[in-house]
Visitor: 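Below is the structure I would like to discuss, written out as structure tokens.
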Protein chains: 2
Amino acid sequence: MSFPPRYRSRADVSGAESRAKAVQAAIELFAASGYKGTSIARVAERTGLSQSGLLHHFPSKAALLSAVLEARDAEDGEFLSAGGDAPMGWAAFDSLAALVARNSTRPQLVGLYVRVSAEAVEPGHPAHEWLRSHYANVEAWLTDAVRVGQEQGEIRSDAPVDALVRTTIAVLDGLQQQWLLNPGGVSMPKLFNAHVQGLRAQWSSAAEPPPR
Amino acid sequence: MSFPPRYRSRADVSGAESRAKAVQAAIELFAASGYKGTSIARVAERTGLSQSGLLHHFPSKAALLSAVLEARDAEDGEFLSAGGDAPMGWAAFDSLAALVARNSTRPQLVGLYVRVSAEAVEPGHPAHEWLRSHYANVEAWLTDAVRVGQEQGEIRSDAPVDALVRTTIAVLDGLQQQWLLNPGGVSMPKLFNAHVQGLRAQWSSAAEPPPR
DNA sequence: GTCTATATTTCGATAGAC
DNA sequence: GTCTATCGAAATATAGAC
């Protein structure tokens with residue numbers, strides 16, 4: 001199924017395209033050199049615009065970063081909620097594993113996340129609030145998932161919820177760092193699955209005892 | 001036992017002191033704002049020197065970073081090798097836990113590490129080689145420790161060595177990031193111990209099966 | 001060993017023409 | 001929507017006096 005392209009003025013076309021191109025260029029450069037390490041001039045160059053041309057679409061460098069993070073969140077959120085409702089219990093860990101598998105084919109998005117996250121620990125950083133709410137969201141979702149798993153009898157009721165959640169997020173973040181430094185030698189999906197397997201073996205309520 | 005202070009010329013005294021002060025100032029600022037986000041002018045200001053005065057001791061900003069990383073490694077290495085020989089088997093994980101406990105009282109060293117590590121993923125970064133060898137060292141040491149634990153019958157021989165090593169390092173790194181963002185709400189020692197407990201429960205060979 | 005002065009870039013952002 | 005021109009600030013580094 002295809003639609004006839006609706007009429008758009010010349011300016012309208014290149015405007016949206018330039019904006020999208022700029023966001024993509026910024027993702028690549030922020031991923032490689034971080035936010036502070038990237039100048040808007042270089043983003044403009046890669047976009048095919050002058051510096052001022054770029055700043056017409058994004059009034060400041062921080063605004064460009066916001067657009068970049070918005071684009072990233074859209075991709076990730078879309079993927080995680082693809083199956084309809086958010087998965088609960090151990091299934092939540094499986095969908096995280098799927099996310100890891102997908103990320104392991106996208107070094108740029110991973111680089112962007114690792115670099116910006118580390119910078120944005122600083123309170124004054126333009127992405128600081130984004131980072132806080134990003135962690136708050138992931139924590140809340142995963143905490144809910146574990147609690148529901150406990151109520152449904154899938155996860156032992158004496159499991160330390162906070163530790164399961166936070167160490168899992170830590171593994172997620174830490175593996176990305178290792179993988180960026182050594183993409184060929186580190187398999188993020190395999191290692192994340194090993195971690196989840198460990199949790200399952202220890203904290204599943206119904207399953208038979210882990211093989212010894 | 002105390003030594004009489006040997007004679008030092010006036011210049012000799014203040015030289016070494018200025019150098020040490022500068023390294024300390026740089027640690028604090030790099031921890032808060034990263035390497036790229038910190039100017040040597042601000043380091044000089046905090047040191048109590050002019051910019052040129054600082055650059056007399058460190059010919060470039062990168063040289064200052066080298067001195068900072070050297071100081072950091074000296075502290076960490078001293079701590080880990082404090083008990084004599086490097087611990088092997090599960091004891092290696094215990095000594096990591098002790099390191100985590102100590103780090104949780106030193107936000108500056110943690111901030112320095114997290115910030116610089118993320119920046120230095122970039123191949124051209126002045127700390128890139130430092131970062132690579134840092135990971136290589138930790139990996140090699142922990143891998144050895146696990147292998148020795150297997151040979152001594154303390155760790156199951158079918159344990160996935162690589163996964164134990166890399167997920168543990170990932171937890172280490174990931175928890176530091178979470179803790180920096182939320183120092184009051186995240187207990188690094190408690191969470192790291194929970195991770196190690198999980199590994200022990202699953203991969204100890206001698207111990208009784210984990211309580212269910 | 002430390003300073004002042006300065007050279008040289010590069011940065012983010014604005015003004016205004018087309 | 002895009003460009004050229006430019007501003008003002010801040011960066012790293014060097015030269016040379018004391």
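Here is the naming used below: chain letters follow the sequence lines, and residue numbers restart at 1 for every chain. Worth knowing before you read on, the calculation uses all heavy atoms, side chains too, and leaves out hydrogens, waters and symmetry mates.
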Visitor: What is the distance from CG of B/L54 to P of C/dT2, rounded to the nearest Å?
Guide: 10 Å
Visitor: Taking the side chain as C-beta and beyond, is there a heavy-atom pair between A/F30 and A/R72 under 4.5 Å?
Guide: no
Visitor: Ignoring hydrogens and angles, does a donor from either the side chain of A/S52 or the base of D/dA5 sit under 3.5 Å from an acceptor on the other?
Guide: yes
Visitor: Crowded around B/E70 CD? As in, over 12 foreign heavy atoms under 6.0 Å?
Guide: no
Visitor: Can you see if the side chain of B/H56 gets near the phosphate of C/dG1 - specifically, an N or O under 4.0 Å from OP1 or OP2?
Guide: yes
Visitor: Report the distance from atom NE2 of A/H57 to atom C1' of D/dG1, rounded to the nearest whole Å.
Guide: 6 Å
Visitor: Quickly work out the A/I40 CD1 to D/dC3 P distance and round it to whole Å.
Guide: 14 Å
Visitor: What is the distance, rounded to the nearest whole Å, between atom CG of A/L64 and atom P of C/dC11?
Guide: 15 Å
Visitor: Find out whether A/Q202 and B/Q202 are in side-chain contact, i.e. whether some heavy atom of one side chain is under 4.5 Å from a heavy atom of the other.
Guide: no
Visitor: Around atom CZ of A/R42, are there more than 12 heavy atoms from other residues, nucleotides or ligands closer than 6.0 Å?
Guide: no
Visitor: How many whole angstroms separate atom NZ of B/K36 from atom P of C/dC11?
Guide: 11 Å
Visitor: Whole angstroms only, please: what is the CD-C1' distance between A/E45 and C/dC11?
Guide: 15 Å
Visitor: Under 4.0 angstrom, heavy atoms only, what part of the nucleic acid is A/L55 near: base, sugar-phosphate, or nothing?
Guide: base
Visitor: Side chain of A/L49 only, heavy atoms from C-beta on: which candidate in D/dC3, D/dA13, C/dA13 is closest?
Guide: D/dC3
Visitor: Between B/H125 and B/Y35, does the ring centroid distance fall short of 6.0 Å?
Guide: yes
Visitor: With sugar-phosphate meaning primed atoms plus P, OP1 and OP2, does B/T47 contact a base, only sugar-phosphate, or nothing at under 4.0 Å between heavy atoms?
Guide: nothing
Visitor: For B/K61 and D/dA10, what is the distance between atoms NZ and P respectively, to the nearest whole Å?
Guide: 15 Å
Visitor: Between D/dT2 and A/S18, is there an OP1 or OP2 to side-chain N/O distance shorter than 4.0 Å?
Guide: yes
Visitor: Rounded to the Å, how far apart are B/Q51 CD and C/dA5 P?
Guide: 14 Å
Visitor: OP1, OP2 of D/dA11 versus side-chain N and O of B/S39: anything below 4.0 Å?
Guide: yes
